[in-house]
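A quick write-up on the structure given underneath.
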Amino acid sequence: MTKNVTLTIDSIKVSVPAGATIMEAADSVNVRVPRLCYHSRLSSFGACRICVVEVAGMKNYPPACSTQVKDGMVVMTSSPAILKARRQILELMLNNHNRDCTVCRKNNECELQSLAAQFGLKDIVFEGERKQYPVDRSSAAIVRDSEKCILCNKCVRVCSEIQGVHALTMAHRGFKANVVPAYEMPMADSVCINCGQCVNVCPTGALSEKDAIEDVWRAIQDPGKIVLAQVAPAVRIAIGEGFGSEPGTDLTSETVTALKMLGFDVVFDTQFSADLTIVEEGNEFVHRLKNKGVLPMITSCSPGWIKFCESFYPAMLPHISTCKSPQQMMGAMIKTYYAKKTGIDPASMYSVSIMPCTAKKYEAHRPEMNASGYRDVDAVLTTRELVRMIKEKGLTLHNLPKTAFDSPMGESSGAAPIFGATGGVMEAALRTAYEVITGTELTAIDFKQVRGLSHIKEAVIPIAGTDVRVCVINTLSNVHKVFRDVLSGKKTYHFIEVMTCPGGCLGGGGQPYPQGGREPLDQAVYAKRAAGLYRIDDGKPVRKSHNNPDIIKAYEDFLGKPLGKVPHMLLHTHYHQKLPHGVVPKRAGAANIFK
Amino acid sequence: MKTVQIDKKKQDREIVSRVERCARKAACDTDRQGALLALLHEVQNEFGYIPRAAMDVVSEKLSLPTAHIYGMATFYNYFSLKPKAKYKVYVCKGTACYVSGGARIIERLKTELGVAEGDLTSDGLFSMHITRCLGCCGLSPVMQVNDEVYVRMVPERVPGILAKYRTLG
């Protein structure tokens, strides 16, 4: 058992385990020490110095985030001397910062800006040389603007420690220090998987999503274009946060209204195509199981994960389900099924998806995603971007009336909303696979073993005499852990679900920035968003994908049979090894590139 | 095109074997994480700089991400990512040399070599650097090529000095 240490913080007696930092001790009694480079789930870095505190008997001001507590320590977090020191630190930071706040993506949501306000900075005291870098817009998903970077290193740490990707590093030193991909190559050529977790933790506007708002406005204003939208499951329970609602508040119908008011002609539900994915993927799984196909089968809905697998585990690609993600299935269906049904020329269609995800932007750009003969999806907006568009239009989301999704791709089962949470795709697939295999009705449909925010979940589901072993992973660094056991043969599974982000899509890189003093990667926020999705599932009259009436109709009128000829053409794809610069060749499982 | 590719492969193989030699010297097999700095030192000494292809091999050898290696290679002044020239030309820009016309020497070198400060000529023979006081202000302005010092420099002497090294090759 670890010993406890007692200290005083701003005259409050605090008792914390030995080895804790002053920051952790202060947080435990709700004394908020300002922070920029500190995050409770990342390793301590001590770069920004904004968390300096005064400790009785110590000559210098130590940073709270990386100073361990000692018995009897007396800490003052906001003495006049400390406030002055913090002001000076901020002044120094602001001197070397691109202060185009009014036109910055992060305006009003910037941690540096709010600290400058909190400390009442009035002047730029130090005017010196300022770093100058071009903005890197090469990536389809992420924009990197080094002039706004304060070198807090959180992006580097979230990318390596949480996601296990290691795309970014702090290169050079002193005034020339800069956060870059390996060899300072453009983001697009790097090993970056576009997950956007770096955007989520960036305290300033140095990292942001590649904005598609202008393209979408232009399409809406074009009289020759029919503009269609699809809304992903995890968007509806998080978008309200941009308007002050609690995480998990279901604003599905209000979002549809908002999209119509913005000028979208048709609004479909990505949950329809989530059901479609499950019917295809469930049948694919059964097919692999019955015909000794490649197992474990691994889900393919998460585009960050797909690029990760193409780069780091190309040998595992045959394990990936050939099903496209719901976004791409909907894209292909809009320009074929819907076009055929309505007689609208697909060339005049502009298909926009609203996603909790930055990697979806990359996925929509992939060259192979043109099954319909056109780009299946023309533009991707993150939840954050849609919030901005709704605000630009002067609307307040939660006050809007309710509107239903358009037919024929607006209905969804309860299996679809849970796609947005870790374990959801697995649960949805099991609900369908069980009935396909056994031919009998599944009554206990809640697979609670695969729910929850844990990073690695395992379960054994008996189906028709077979113990189906499943594994659910979220947050990519955990893939390395599970694959180590899978590749060495220590563990065998039939089915693995992988979602790139913490908590699944609900914690995606395109979700609203944390509101009300919460920090990024907050488990409590994830839990509320997840609860919102499971509430939607519970409230649905139909809870299995294959029983969704719109799905049944789509197969009858257009698709034929699951895994049949039309689905094969439109809804399935294959992925190939990618060896972006910066990937360790051997670990990539590729033939050694130097031989 | 084809011949170029073959040459590239041969070059890559050479880099691999040279880095592997370095790795043996740096005793990488015992502690791979800790070995990075030692191995980069060996690579710097072996090649005279740290080629990008060598960083790829180091990454494979130690199973470390290239981003991490690049971060370390750019952090330390000892490491250089650019090839070093055979003849490093330094011109003093300390106060005494500066007032007695050091800048004019730099200008002449720039036109003669066709490179900017810190850069390498395309034949790899010369690089041009500006340096702080070399400690012989009484003889300013001063220019130095590798270990040889040229004092009381005037721009007109620059072509002749460079020609001497060109003949040495």
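Within every chain, numbering begins at 1; the chains are lettered A, B, ... in the order of the sequence lines, protein sequences first and strands thereafter. Note that the coordinates shown come from a computational prediction; the quantities given were computed from them, not determined experimentally.
The 12-atom threshold is exceeded at OH of B:Y165, counting heavy atoms of other residues, nucleotides or ligands nearer than 6.0 Å. Within a 6.0 Å radius of CZ in A:R41, other residues, nucleotides and ligands contribute more than 12 heavy atoms. No more than 12 heavy atoms of other residues, nucleotides or ligands shown are found within 6.0 angstrom of CZ on B:R132. A:R137 CZ: 12 or fewer foreign heavy atoms inside a 6.0 Å radius.
With a 4.5 angstrom heavy-atom cutoff, B:M72 does not touch chain A via any of its atoms. Heavy atoms closer than 4.5 Å to chain B are found nowhere in A:V165, neither backbone nor side chain. In this structure, chain B has a heavy atom under 4.5 Å from the backbone of A:A167, while its side chain stays farther away.
For the atom pair OG1 (B:T66) and CE (A:M185), the distance works out to 5.5 Å, reported to the nearest 0.5 Å.
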Donor-acceptor pairs under 3.5 angstrom involving side-chain atoms of residues 38-45 of chain B: please list them, not counting sequence neighbours.
unit_1: B:Q44; atom_1: OE1; unit_2: B:S80; atom_2: N; d: 2.8
unit_1: B:Q44; atom_1: NE2; unit_2: B:G48; atom_2: O; d: 3.1
unit_1: B:N45; atom_1: OD1; unit_2: B:Y78; atom_2: OH; d: 2.8
unit_1: B:N45; atom_1: ND2; unit_2: B:H41; atom_2: O; d: 3.4

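B:A67 approaches A:H166 most closely through the heavy-atom pair CB-O, 3.4 Å.
B:T74 is listed as a side-chain neighbour of A:H172, based on a closest heavy-atom distance under 4.5 Å. Using a 4.5 Å heavy-atom threshold, the side chains of B:F75 and A:T169 count as separate.
Remark: A:E111 engages A:L36, A:K154, A:P203 in a side-chain contact (heavy atoms from CB on, under 4.5 Å) (not counting sequence neighbours).
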